[in-house]
Protein chains: 2
Amino acid sequence: MSTLSAVEENYLKYIFQLSEIFENGIVKTNDLAYKLDHSAASVTDMLKKLSEKKLVAYKKYYGVSLTRNGLTIAVQVLRKHRLWETFLVKNLKFTWDKIHEIAEQLEHIQSDELIDRMDQYLGFPKFDPHGDPIPDKAGNISLPNVVCLADAKLKKQYQLANVNDDSAAFLKYLNKIQLKLNDKVKILDKEEFDETIQLLINDKKQLTISNDAAHNMWVRSVKEI
Amino acid sequence: MSTLSAVEENYLKYIFQLSEIFENGIVKTNDLAYKLDHSAASVTDMLKKLSEKKLVAYKKYYGVSLTRNGLTIAVQVLRKHRLWETFLVKNLKFTWDKIHEIAEQLEHIQSDELIDRMDQYLGFPKFDPHGDPIPDKAGNISLPNVVCLADAKLKKQYQLANVNDDSAAFLKYLNKIQLKLNDKVKILDKEEFDETIQLLINDKKQLTISNDAAHNMWVRSVKEI
DNA sequence: TATAATTTTTAGATTAGCCTAAACATTTCT
DNA sequence: AGAAATGTTTAGGCTAATCTAAAAATTATA
Ligand SMILES: [Mn+2]
Ligand SMILES: [Mn+2]
Ligand SMILES: [Mn+2]
Ligand SMILES: [Mn+2]
């Protein structure tokens with residue numbers, strides 16, 4: 001159980017996040033290389049190393065997935081990342097576009113007691129400032145019932161539940177158009193040509209957003225009154 | 001101004017701390033090697049590197065001292081270390097013997113905004129939980145007027161102002177004998193043979209401590225009433 | 001299905017930060 | 001002052017984590 005390096009922890013975390021995107025849960029070398037902005041050769045090296053440590057199941061030319069041990073660690077890193085982000089916004093009054101980079105560093109601080117005390121200090125939050133679920137100490141993650149705004153139904157009442165947290169530019173854009181978590185959103189119309197979306201925000205403000213932007217937002221459906 | 005590695009930051013911090021011990025401010029290779037628990041050869045390597053970066057003035061076989069730039073960085077690392085320690089005790093309710101190791105990691109998180117907000121969140125504290133002065137944003141350190149308990153006068157009223165923070169064992173010992181910062185201490189007697197010290201704590205409790213222990217405590221004098 | 005394109009791995013190199021052993025410089029002792 | 005002891009540097013080597021270029025495997029295309 002010797003502690004992992006920050007680099008190894010990052011690999012596990014990104015394997016986990018990418019594995020959730022693909023149905024079979026198998027992550028390809030190039031996907032990781034793109035995500036990490038490393039060469040494919042570097043990724044292959046690290047996958048062999050993690051495989052020897054039994055943290056991933058790696059098959060040459062096929063792909064990689066997490067073992068039970070690897071998954072446990074990946075989820076704990078995610079827990080730390082999201083608890084720190086919550087602290088930065090709730091207590092230190094950072095805006096949500098400034099926290100991801102700092103949390104990328106803080107998530108690798110090694111101390112179980114630290115993160116448990118932080119969890120308690122924050123009141124055991126379930127979601128981080130971007131609406132991402134925070135795994136609990138045991139590693140349980142509540143699966144929010146959300147749909148990507150790009151795939152949501154027309155004329156149906158939703159609420160903004162979750163935004164992609166790793167693009168500061170996107171979050172700044174949301175700040176600018178004054179769209180926040182839990183705002184009510186309804187798709188009034190979708191342009192066929194470029195899939196531009198007409199939104200109604202909180203029953204009053206109208207807004208046009210790109211399909212690209214919509215791919216970075218997830219919404220939960222809301223009972224109509 | 002490319003950012004320094006955690007290792008480089010640690011070297012600068014320890015050079016600063018050791019330089020305060022010696023009158024001339026010159027730190028020797030072996031002192032650093034001992035402090036860092038590295039070989040003298042490793043230290044020489046790093047000193048050459050820091051010297052090339054103009055962070056230290058290094059003369060072969062003579063010793064090393066910080067340049068103006070090196071000093072600025074060392075003090076900022078110390079500031080971060082002590083602010084984090086303060087947070088861990090004040091907010092997360094850690095005991096003072098558990099925080100040093102965690103702060104050794106946290107002090108290397110790179111974000112000026114983070115540490116400035118933390119400073120404000122804590123109410124701009126002047127001293128950390130061990131009584132060490134916290135440098136302000138500009139790098140000013142208040143010089144507390146203290147004397148080492150091993151060198152303090154007999155029968156004079158003092159107050160415990162500062163304890164050595166890098167030995168958890170020593171801090172646990174203080175917990176056990178229930179000695180805390182700001183407790184009143186008076187030396188009743190000093191044994192000639194082994195320099196064992198007889199202390200009076202808060203005008204009531206008597207305590208015998210070793211010369212070794214006394215070397216880890218600093219006291220400020222208190223006006224007698 | 002053979003060939004071309006793409007993806008992935010292997011081979012070999014580099015840098016940071018450590019090490020040990022040996023050489024060299026300085027200080028201390030007789 | 002000369003020898004011995006001590007302190008410091010140099011030489012050479014190692015591991016983790018990256019890279020580029022070339023080779024190999026897989027997938028797509030004609
Ligand atoms: Mn994040
Ligand atoms: Mn997040
Ligand atoms: Mn440190
Ligand atoms: Mn301290």
Side-chain angles (χ1 to χ4, degrees), chain A residues 1-15 18-19 21-65 70 73 77 104-105 107-108 110, chain B residues 1-15 18-19 21-65 70 73 77 104-105 107-108 110:
Chain A
M1 292 293 148
S2 73
T3 68
L4 299 183
S5 70
V7 169
E8 291 170 314
E9 286 189 342
N10 275 333
Y11 266 88
L12 295 177
K13 183 185 63 173
Y14 287 125
I15 291 168
L18 289 173
S19 75
I21 298 173
F22 307 111
E23 340 67 46
N24 56 8
I26 301 298
V27 177
K28 310 306 293 290
T29 300
N30 266 358
D31 296 331
L32 269 170
Y34 178 78
K35 189 81 173 176
L36 290 157
D37 194 25
H38 288 165
S39 73
S42 302
V43 172
T44 299
D45 282 350
M46 182 56 80
L47 293 183
K48 284 196 270 189
K49 190 173 144 197
L50 293 173
S51 185
E52 267 163 35
K53 295 191 177 190
K54 309 263 194 242
L55 297 169
V56 303
Y58 166 61
K59 217 172 96 188
K60 260 198 206 180
Y61 291 104
Y62 170 70
V64 73
S65 61
I73 293 167
V77 174
E104 284 289 318
Q105 300 177 61
E107 72 192 5
H108 303 294
Q110 313 259 204
Chain B
M1 295 292 150
S2 74
T3 69
L4 299 183
S5 70
V7 170
E8 292 170 315
E9 286 189 343
N10 276 332
Y11 267 86
L12 295 177
K13 183 186 64 172
Y14 288 125
I15 291 168
L18 289 173
S19 74
I21 297 174
F22 307 110
E23 341 66 47
N24 56 8
I26 301 299
V27 177
K28 310 305 294 287
T29 300
N30 266 0
D31 296 331
L32 269 170
Y34 178 78
K35 188 83 174 175
L36 290 157
D37 194 25
H38 287 166
S39 72
S42 302
V43 172
T44 300
D45 282 351
M46 182 56 80
L47 293 184
K48 283 197 271 189
K49 190 173 144 197
L50 292 174
S51 184
E52 267 162 37
K53 294 190 177 189
K54 310 264 192 241
L55 297 169
V56 302
Y58 166 61
K59 216 172 98 191
K60 261 198 206 180
Y61 291 103
Y62 170 72
V64 73
S65 60
I73 293 167
V77 174
E104 280 293 320
Q105 300 177 62
E107 72 191 2
H108 305 293
Q110 312 257 206

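These values consider heavy atoms only, across backbone and side chains, with no hydrogens, waters or symmetry-generated copies. Residue numbers start from 1 in every chain, and the chains themselves are labelled A, B, ... in the order their sequence lines are given, proteins ahead of strands.
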Closest non-hydrogen atoms of A:Val27 and A:Asp31, given as atom of the first, atom of the second and distance, are CG1-CB, 4.5 Å
Output a table of nitrogen or oxygen pairs between the protein and nucleotides 22-27 of chain D separated by less than 3.5 Å.
from	atom 1	to	atom 2	distance (Å)
D:dA25	O4'	A:Tyr61	OH	3.3

Sequence neighbours excluded and cut-off under 3.5 Å, please list the side-chain donor-acceptor pairs for residues 53-65 of chain A, or say none.
from	atom 1	to	atom 2	distance (Å)
A:Lys53	NZ	A:Glu8	OE2	2.7

So, is A:Asn30 near the phosphate of C:dT6, with a side-chain N or O under 4.0 Å from OP1 or OP2? no
What residues from residues 32-48 of chain A pass a heavy-atom cutoff of under 4.0 Å to DNA chain C? A:Ala40, A:Ala41, A:Thr44, A:Lys48
Not counting sequence neighbours, which residues clear salt bridge (charged side-chain N to carboxylate O under 4.0 Å, His left out) with B:Glu107? List them please. B:Lys13
Going by side chain to side chain donor-acceptor pair (under 3.5 Å), name the residues that satisfy it together with B:Ser39, two or more places apart in sequence or in a different chain. B:Ser42
Using side chain to side chain donor-acceptor pair (under 3.5 Å) as the criterion, list what pairs up with B:Asn10, not counting sequence neighbours. B:His108
From OH of A:Tyr11 over to C1' of D:dA16, roughly how many Å is that when rounded to an integer? 12 Å
Can you tell me the distance, in whole Å, between the CD atom of B:Glu52 and the P atom of C:dT15? 13 Å
For B:Tyr62, answer base if it contacts any base atom (sugar-phosphate contacts may also be present), sugar-phosphate if it contacts only those atoms, and nothing otherwise; contact means non-hydrogen atoms under 4.0 Å. nothing
Hey, are the side chains of B:Tyr11 and B:Val43 touching, using non-hydrogen atoms and a 4.5 Å cut-off? yes
Do B:Val77 and B:Leu12 come within less than 4.5 Å of each other through their side chains, counting heavy atoms only? no
Under the salt bridge (Lys or Arg N to Asp or Glu O under 4.0 Å) definition, can you give me all pairs with a residue in residues 33-42 of chain B, not counting sequence neighbours? B:Lys35-B:Asp166
